Amino acid sequence: MNLENIKKEYENLVKEIQDEKSLYDLRVKFLGKKGVLTEIMKGAKDLLPEERPVFGKAINEIKEFINNHLEETKQKLIDSAINAKLASEEIDVTLPAKKENLGGINPLNKVIEEIEELFISMGYSVAEGPEVETDKFNFEMLNLPKNHPARDMQDSFYITNELLMRTQTSPVQAREMLKAEGRGPIKIICPGKVYRRDNDDATHSHQFTQIEGLVVDKNITFSDLKGTLEYLIKSLFGENKKIRLRPSFFPFTEPSVEVDISWGNEDDEENIKWLEILGAGMVHPNVLKMAGFNPEEYSGFAFGMGPERIAMLKYGISDIRSFYTNDIRFLEQFSSDRND
Ligand code: DAH
């Protein structure tokens, strides 16, 4: 084969090459130890001495040509592989961005957590009790014997004669007192779900939340209760808020009060507007006694509030059902990027 043909053959073959592996094979075929050019070199020994340098030079030229060309081709292959990769991974910055929806904490849970933290900072612990409760704990241990008229205040979902969905978080009071076996102090709050046979509307729900509070110790007085509630209300709603206690009735407290929060005209003593916000009182001696505490030695206060009502006032929410229906338009108003 003459040298011109070798070059042509190389040029034909190299045109087809698509990848580095085939390019390497082509190098071996032409420049390798057993390659085409090595074979041709062997033929030099049959030439006349004066022909050899010319032949050698021509071979070297073609070797150099092929070698350089292989290098260039290799570089081109590498470049085009990089370009193909870049093209396939191209990011189109002009595409409209995908909207990331940030989750928000339900305002009801926000309020519950805020109240928990407040009481924890005052040395309370958080207690829990069952939602399916016995008549004994939901009513009897709270000084509401069977057929007591005050039971009507809390229309109940009964499961059997003795079992019901708890109507209040107050039964946790009795459970915690029994656990303490007649020895104080007890300082707890109990958040949880409660159930009542109510028709759902903007201000009623058959299932809602309560937070119960209970303190039992020696020398607990009504002013401890008032101071605690005042601190709670000011922390939740602001230092300018005032509270007002009105006499009321709960079977498990004596005396009992309903607590109002000032809601406007705070600077004009005569014309302050008031809203009811929670119920409270001094733990009834019968309740202490039934739960194993000596009312001569121990006293206590208790309170119960509805975090839904607190959240509605705090955030200006007008329909209690908004807390439960998972409407994203409602919930996203409380997502962390807007509120925290
Ligand atoms: N359990 C009462 C209710 O559901 C609320 C309540 C009032 C709880 C006074 C208390 C309390 O602990 O002292 O209406």
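Counting starts at 1 for both ligands and their atoms, following the listed order. Just so it is clear, the model here is predicted, and its values are computed rather than measured.
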Cation-pi, F137 ring and R166 (6.0 angstrom, 45 degrees): no
CA sep, side-chain torsions, deciding dist, call: E212, Q173, side-chain hydrogen bond (donor to acceptor under 3.5 Å, both in side chains): CA-CA 8 Å; E212 192 78 13; Q173 286 188 26; 2.6 Å; yes
query: Is the shortest side-chain N to carboxylate O distance from D25 to K21 below 4.0 Å?
result: yes
query: Around atom CG of N219, are there more than 12 heavy atoms of other residues, nucleotides or ligands at under 6.0 Å?
result: no
message: Under 4.0 Å from a heavy atom of A302: which atoms of ligand 1 are those, numbered in the order shown and with their elements?
response: 12 (O), 13 (O)
- request: Carefully, step by step, assess E162 and T134 under the rule side chain to side chain contact (heavy atoms under 4.5 Å, CB included).
  value: CA-CA 6 Å; E162 291 303 322; T134 58; 5.8 Å; no
statement: In this structure, atom 1 (N) of ligand 1 is nearest to the protein heavy atom Q168 OE1, 2.7 Å
field: Top protein contact for atom 5 (C) of ligand 1, by heavy-atom distance
entry: G304 CA, 4.1 Å
Which of the ligand 1 atoms, numbered from 1, are nearer than 4.0 Å to a heavy atom of T253: 13 (O)
field: Short side-chain donor-acceptor distance under 3.5 Å, N286 and N143
entry: yes
- prompt: With a cut-off of 4.0 Å, which atoms of ligand 1 are near a heavy atom of S170?
  reply: 1 (N), 8 (C)
- request: Could you tell me the residue and atom name of the protein heavy atom closest to atom 11 (C) of ligand 1, and the distance to it rounded to 0.1 Å?
  value: F252 CE1, 3.6 Å
- prompt: Counting each atom of ligand 1 from 1 as listed, which ones have a heavy atom of A280 under 4.0 Å away?
  reply: 9 (C), 11 (C), 13 (O)
query: Can a salt bridge be assigned to the pair R321 and D200 using a cut-off of 4.0 Å between side-chain N and carboxylate O?
result: no
field: Close-contact set for ligand 1 against G279 heavy atoms, below 4.0 Å
entry: 7 (C), 9 (C), 11 (C)
- prompt: Do any nitrogen or oxygen atoms of F250 come within less than 3.5 Å of a nitrogen or oxygen of ligand 1?
  reply: no
Test item, R196 contacting ligand 1 (heavy atom, 4.0 angstrom): yes
query: Any Lys/Arg nitrogen of K34 or E39 sitting under 4.0 Å from an Asp/Glu carboxylate oxygen of the other?
result: no
message: Heavy-atom contact check, 4.0 Å cutoff: does Q173 meet ligand 1?
response: yes
- prompt: Of Q210, E212, R166, H284, which has the heavy atom at the shortest distance from atom 12 (O) of ligand 1?
  reply: E212
message: Quick check: T167 and ligand 1, any N/O pair under 3.5 Å apart?
response: no
field: Beyond-backbone contact of L164 with F139, side-chain heavy atoms, under 4.5 angstrom
entry: yes
- prompt: What atoms of ligand 1 come closer than 4.0 angstrom to any heavy atom of G281?
  reply: 13 (O)
